[in-house]
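Read through the structure below, which is laid out as C-alpha cells, and then see the notes.
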Amino acid sequence: MADRELSVGEVARRCGVNVSALHFYEQKGLIRSWRNQGNQRRYKLDVLRRVSVIKAAQKMGISLQGIKGAFDSLPDARTPDKDDWAALSLAWQSELNERINYLERLRDSLDACIGCGCLSMKSCPIYNPDDELAAQGPGPVILDRKA
C-alpha cells in the first residue's frame with residue numbers, strides 16, 4: 001500500500017484542493033511528484049499527509065515559506081509524522097500567539113476609538129501632530145505597540 005501511486009486528480013480530490021494548488025505546491029518545493037511512462041504526474045501516498053499539514057498550517061496563518069522551512073528542517077525531506085507535527089505546531093504556537101495578541105490589541109484600540117464618537121483630533125489616540133510618530137518607526141506604530 002505504501003508504494004501505491006496517486007494521480008494528481010486523486011490527490012486533489014482526497015485533499016480537497018484544486019489541481020493547480022498541487023502544481024503550485026510542487027513549484028514551491030513543498031511536495032514532489034514524478035512522471036510515469038505516459039508523462040503523467042504521480043505521487044507517493046504520503047503526499048496526502050504533506051498537503052494536510054500545508055492546509056492546517058495555512059489555516060493558522062503560516063506562510064508557504066514558513067511551511068517550506070519547517071519541511072526542510074526534517075531529516076531526509078521526509079513527510080512529517082506525529083512527533084514532527086507536535087514539534088512543528090509547538091514552534092508555530094508562539095507565532096500564532098503573537099498574531100492573536102496583535103489582533104486583540106487592534107480590536108481593543110478600534111473599539112475604544114470608534115466607541116467614543118468624539119471624532120476630535122485633540123483627543124484621538126492616532127492623531128499625529130507634527131508627525132511625531134515618525135521617530136518611532138514606519139507603519140501604524142500605535143497599533144503595533146505591545147501592551
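Here, residue 1 is the first one in the sequence, and each next residue gets the next number. What's counted below: heavy atoms across the whole structure, side chains too, no hydrogens, waters or symmetry copies.
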Step-by-step side-chain contact (heavy atoms from CB on, under 4.5 Å) determination, Leu30 to Phe24: CA-CA 9 Å; Leu30 297 166; Phe24 182 73; over 6 Å; no
Closer than 4.0 angstrom, basic N to acidic O: yes or no for Asp72 and Lys68? yes
Expected list for residues 14-22: side-chain donor-acceptor pairs under 3.5 angstrom, two or more places apart:
none

Can you tell me how far apart [atom1] ([X]) and [atom2] ([Y]) are? Round to the nearest 0.5 Å.
X     : Y     : atom1 : atom2 : result
Trp34 : Arg41 : CH2   : CZ    : 12.5 Å
Arg49 : Ile31 : CZ    : CD1   : 14.5 Å
Arg35 : Gln40 : CZ    : CD    : 9.0 Å
Leu88 : Asp83 : CG    : CG    : 11.0 Å
Ile62 : Ile54 : CD1   : CD1   : 13.0 Å

Is the side chain of Arg99 donor-acceptor paired with the backbone N or O of Gly61 at a distance under 3.5 Å, no angle test? yes
Between Glu10 (side chain only) and Ser7 (backbone N and O only), is there a donor and an acceptor less than 3.5 Å apart? yes
Would you say the side chain of [Y] lies within less than 4.5 Å of the side chain of [X], judging by non-hydrogen atoms?
X     : Y     : result
Leu90 : Gln93 : yes
Leu6  : Arg4  : yes
Thr79 : Phe71 : no
Lys82 : Trp85 : no

Would you verify whether the NZ or CZ of Arg32 falls within 45 degrees of the ring axis of Tyr43 while also being under 6.0 Å from that six-membered ring's centre? no
In terms of heavy-atom contacts, Met60 and Leu96 come closest through O-CD1, 3.5 Å
Where is the tightest heavy-atom contact between Trp92 and Ile67, given as atom of each residue plus distance? CZ2-CA, 4.2 Å
Which residue in the set Glu5, Arg42, Glu26, His23 passes side-chain hydrogen bond (donor to acceptor under 3.5 Å, both in side chains) when paired with Ser33? Glu26
Can Arg78 and Asp84 be said to form a salt bridge (Lys or Arg N to Asp or Glu O under 4.0 Å), step by step? CA-CA 10 Å; Arg78 73 171 181 240; Asp84 294 328; 2.8 Å; yes
